[in-house]
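Everything on this sheet refers to the single structure shown next.
Throughout, protein chains are lettered first and strands after them, A, B, ... in sequence-line order, and every chain is numbered starting at 1. The basis for the numbers below is simple: all heavy atoms, side chains too, and nothing from hydrogens, waters or symmetry mates.
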Amino acid sequence: MHYERSVRMTEAVEKLTKKSEDSSKWYLQLVRMAKLADYGPVRGTFAIRPYGFAIWERIQRDLDDRFKATGHVNAYFPLFIPESYLKKEAEHVEGFDPEVAWVTTAGREELEERIAVRPTSETIICEFYRRWIHSYRDLPVLVNQWSNFVRWEKVTRPFLRTTEVLWQEGHTVHATAEEAREETLRMLGVYRDCFAETLSIPVLTGQKSPSERFAGAVETFTCEALMGDGRALQSATSHDLGQNFSKAFDITFLDENQDRVHPFQTSWGFSTRAVGALILVHGDDRGLKIPPKLAPVEAVIVPIWRGKNKSEVRTEAQKLYTELKAAGLRAELDLDEEHSPGWKFNEHELRGVPVRVEIGPKDIEKSQAVLVRRDTGEKEFVGRGGLPERLTVLLGEIQDNMMRQATEFRDANTRHAGSYDEFKEIIAEKRGFVVAPWDGTLETEQKIKEDTKATIRLLPFEREDGTDLISGKPGKTAIFARAY
RNA sequence: CGGGACGUGGCGCAGUCUGGUAGCGCACUCGGCUGGGGGCCGAGUGGUCGCCGGUUCAAAUCCGGCCGUCCCGACCA
């Protein structure tokens, strides 16, 4: 397997801006320098380059396995949706109307009805579900699709907010409200586990406030992650759609009692935005840091040779590479002769490779190799015999350590506000998550947003009683933050 | 969509104020020496200066319009 070099070919060896100095500039530079993505000619469009796509592929596989394990199957639905379909659910149209891309012409003919490029697939899928569902015996329908969608965004950033997005959208149908709610929460848990176990990102889960709810949903649940700059990122959502769509699209089935009733639906999505989260949560001044389970390359071997013993070192490095591959590790051997070892060290750190394996004349003499971990920079010398085993253990340690560090960061940046002044001070000076009681009204939610730019990220499942900091009325716990 | 900044080889920039025939660093190509934290020397390739129009003997430079990018707001996965 071979990915493009991060800096060779066309990119300049610029010094990466410090994350703490200008995190936005840092992010944009890193995306391009590490060859994750490149800008397209239409605003908000991006090519995801091989290395970036390899990360997405690993996320895809991980999620897909989890979906299959919870009984779901994959299918594919049309990209094009007639305008009339989109309009059937009132809230849904209103929510998406400002950002839908329309096809009005085909070849040289003007179309009779505008066709939407899907901004999400609820409506088109309902068309099929109406045809496919007749009896309670047809339920539940547990279908997922891997697809793209288009939303015409005003402000775009690679991975975080793009015009075209790759994602996965699950669309399920159930006989009862309870079952649909159960499914909604089950998939929220699947997302949470994927973030924690694979991306090493600790997310908070909970319910959205009504104003942040998905257009057309009864209830929206979310995974919120905290980025390195203290801002929150909505990283995946799961919606309980109730009967809103089944009524609008007239999906019905005969239940056990011979009654014709509308089923209950859910939808849930996880997009390439997660790659943005990965960069922002783990990245540092030296570049990316990819958790081993996600890393396209778990370990890169950098041979260190001098003119006289080049062939000997090369042979040893190749042998080592074969051993690592045989042990099932995703290893890469960097035999490039153009660059110095130091150059390669920097480059592989930029790309976030979890472990670097150095092998040079001194190591060959001592029958050892040097392991350097990306997350801590720690170096260790390991005898050649036990190398694959030690590496496997080390990768597990790195995976866990990255999760631990991210969790510590999140916890250290989650603060309780005792007064509105304190609330404002935290958001202005420290950012992060702020825990405070909310009286449940749109007024206080909006007031906070106007004053501080912070929004309710979620309402946790366990909420304590308290007093709203603004209105003084009784309230319950909400989590606030400035969001991406 | 409002406020601000910026568009010059692949990337980062200088030149614009004061018009005069485009330059630097890195990347890229070739050769040689190097190689344990972004090596060195030499020789090269590459740009109708975002687009359209205007002023002028002459425009990267002045004027007008448009497009795009980034930052700050409003809207969102």
Side-chain angles (χ1 to χ4, degrees), chain A residues 5-17 22-25 27-29 32-33 35 38-44 94-100 119-120 148-157 159-169 191 208 211-215 220 222-225 233-239 267-274 276-277 286-287 302-310 313-314 334 336-350 356-364 369-370 372 377 379 381 449-450 453 455 482-484:
Chain A
R5 295 225 72 127
S6 66
V7 179
R8 249 188 104 199
M9 311 295 287
T10 54
E11 258 70 15
V13 184
E14 331 155 49
K15 283 272 181 273
L16 182 62
T17 300
D22 185 342
S23 75
S24 179
K25 195 170 175 187
Y27 178 84
L28 261 10
Q29 273 181 3
R32 307 192 70 188
M33 286 170 74
K35 295 206 168 173
D38 198 7
Y39 292 78
V42 173
R43 174 162 48 76
E94 205 183 314
F96 283 101
D97 189 56
E99 40 187 13
V100 173
T120 179
N148 56 349
F149 67 72
V150 169
R151 294 178 198 170
W152 222 259
E153 298 286 349
K154 306 246 159 82
V155 181
T156 61
R157 306 226 283 160
F159 297 113
L160 296 172
R161 173 162 293 108
T162 55
T163 300
E164 182 186 356
V165 177
L166 297 187
W167 75 337
Q168 144 291 304
E169 47 179 329
Y191 289 154
K208 281 291 185 188
S211 69
E212 300 262 336
R213 208 180 268 155
F214 176 76
T220 287
T222 181
C223 293
E224 297 283 326
L233 183 73
Q234 179 172 311
S235 306
T237 47
S238 185
H239 315 290
S267 69
W268 24 277
F270 185 115
S271 74
T272 40
R273 177 181 258 193
R286 309 187 70 81
V302 179
I304 291 145
W305 46 47
R306 292 176 202 287
K308 10 187 166 6
N309 51 29
K310 187 179 275 190
V313 174
R314 187 193 285 115
D334 190 350
D336 188 339
E337 301 198 15
E338 311 277 311
H339 297 283
S340 66
W343 191 95
K344 293 177 182 176
F345 297 169
N346 283 293
E347 196 209 16
H348 297 302
E349 280 166 11
L350 180 76
R356 175 175 79 238
V357 183
E358 299 172 23
I359 181 155
K362 291 185 226 161
D363 305 307
I364 294 171
V370 186
V372 184
K379 216 178 231 199
F381 301 86
K449 190 174 179 183
E450 278 165 33
K453 293 173 198 151
T455 49
R482 286 181 66 168
Y484 265 88

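Of the C1' atoms belonging to G50(B) and U61(B), the separation is 16 Å, rounded to the nearest Å. Going from the C1' atom of A59(B) to that of U16(B) covers 10 Å, rounded to whole Å. Taking atom P in both A22(B) and U48(B), the straight-line distance is 12 Å, to the nearest Å. Distance check on atom C1': G19(B) versus C62(B) gives 8 Å, rounded to whole Å. Nucleotides G3(B) and G12(B) are separated by 27 Å at their P atoms, to the nearest Å. Separation of the C1' atoms belonging to C51(B) and G46(B) is 22 Å when rounded to the nearest angstrom. The P atoms of G23(B) and G47(B) are separated by 13 Å, rounded to the nearest whole Å. Taking atom P in both C24(B) and A14(B), one finds a spacing of 16 Å when rounded to whole Å.
Rounded to a whole Å, the CD atom of E347(A) is 15 Å from the C1' atom of C26(B). With rounding to whole Å, K35(A) atom NZ is found 10 Å from A27(B) atom C1'. Per the geometry, CD belonging to E450(A) stands 14 Å off P belonging to G73(B), to the nearest Å. The CD-P distance, from E99(A) to A74(B), rounds to 17 Å in whole Å.
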Considering only nitrogen or oxygen atoms on both sides, find all protein atoms under 3.5 Å from nucleotides 3-6 of chain B and state each distance.
none

Can you pull every protein N or O that's under 3.5 Å from an N or O on nucleotides 66-72 of chain B?
| residue | atom | partner | partner atom | Å |
| --- | --- | --- | --- | --- |
| C71(B) | OP1 | S24(A) | OG | 2.4 |

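Not counting sequence neighbours, the partners of E153(A) by the salt bridge (Lys or Arg N to Asp or Glu O under 4.0 Å) test are R161(A). Residues satisfying the ring pair (Phe, Tyr, Trp, His ring centres under 6.0 Å) test with Y27(A), not counting sequence neighbours, are none. Residues satisfying the salt bridge (Lys or Arg N to Asp or Glu O under 4.0 Å) criterion with E224(A), sequence neighbours excluded, are K208(A), R457(A). Every residue two or more places apart in sequence or in another chain was checked for a ring pair (Phe, Tyr, Trp, His ring centres under 6.0 Å) with F159(A), and none qualifies. Applying the salt bridge (Lys or Arg N to Asp or Glu O under 4.0 Å) test to R306(A) and every residue at least two apart in sequence or in another chain returns nothing. Among residues two or more places apart in sequence or in another chain, the side-chain contact (heavy atoms from CB on, under 4.5 Å) test is passed with I304(A) by P341(A), F345(A), E358(A). A search for ring pair (Phe, Tyr, Trp, His ring centres under 6.0 Å) contacts involving Y39(A) returns F46(A), not counting sequence neighbours. Every residue two or more places apart in sequence or in another chain that forms a ring pair (Phe, Tyr, Trp, His ring centres under 6.0 Å) with W167(A) is listed here: F149(A). Residues that satisfy the salt bridge (Lys or Arg N to Asp or Glu O under 4.0 Å) test with E450(A), not counting sequence neighbours, are absent from this structure.
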| task | Do nucleotides 30-37 of chain B as a string where each nucleotide becomes B, S or -: B if the base has a protein heavy atom under 4.0 Å, S if just the sugar-phosphate does, - if no protein is that close. | result | -----BBB

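Side chains of R157(A) and S24(A): a donor on one and an acceptor on the other come within 3.5 Å. For the residue pair H239(A)/S267(A), the side-chain donor-acceptor check at 3.5 Å is not satisfied.
Ion pairing between a basic and an acidic side chain is recognised when a charged N comes within 4.0 Å of a carboxylate O; R356(A) and E349(A) show such pairing. Ion pair D336(A)/K344(A) not flagged as a salt bridge, since none of the NZ, NE, NH1 or NH2 atoms sits closer than 4.0 Å to an Asp/Glu carboxylate oxygen.
Among the protein residues, S238(A) comes within range of no part of the nucleic acid, since none of its heavy atoms lies under 4.0 Å from any strand. Within the 4.0 angstrom heavy-atom criterion, base atoms lie near L160(A). Here E153(A) lies in heavy-atom contact (under 4.0 Å) with a base. T237(A) comes within contact range of no nucleotide atom at all, as no heavy-atom separation falls under 4.0 Å.
In this entry G20(B) has C57(B) as its Watson-Crick or G-U wobble partner, both defining distances falling under 3.5 Å. Of the nucleotides present, G42(B) is the one that pairs with C30(B) by Watson-Crick or G-U wobble criteria, both distances under 3.5 Å. Base pairing analysis places G36(B) opposite nothing; no Watson-Crick or G-U wobble pair with both distances below 3.5 Å involves it. Taking a pair to require two hydrogen-bonding distances under 3.5 Å in either a Watson-Crick or a G-U wobble arrangement, G25(B) pairs with C11(B). Searching all strands for a Watson-Crick or G-U wobble partner of C1(B) with both distances below 3.5 Å returns G73(B). As the counterpart of C51(B), G65(B) is assigned, both hydrogen-bonding distances of the Watson-Crick or G-U wobble pattern falling under 3.5 Å.
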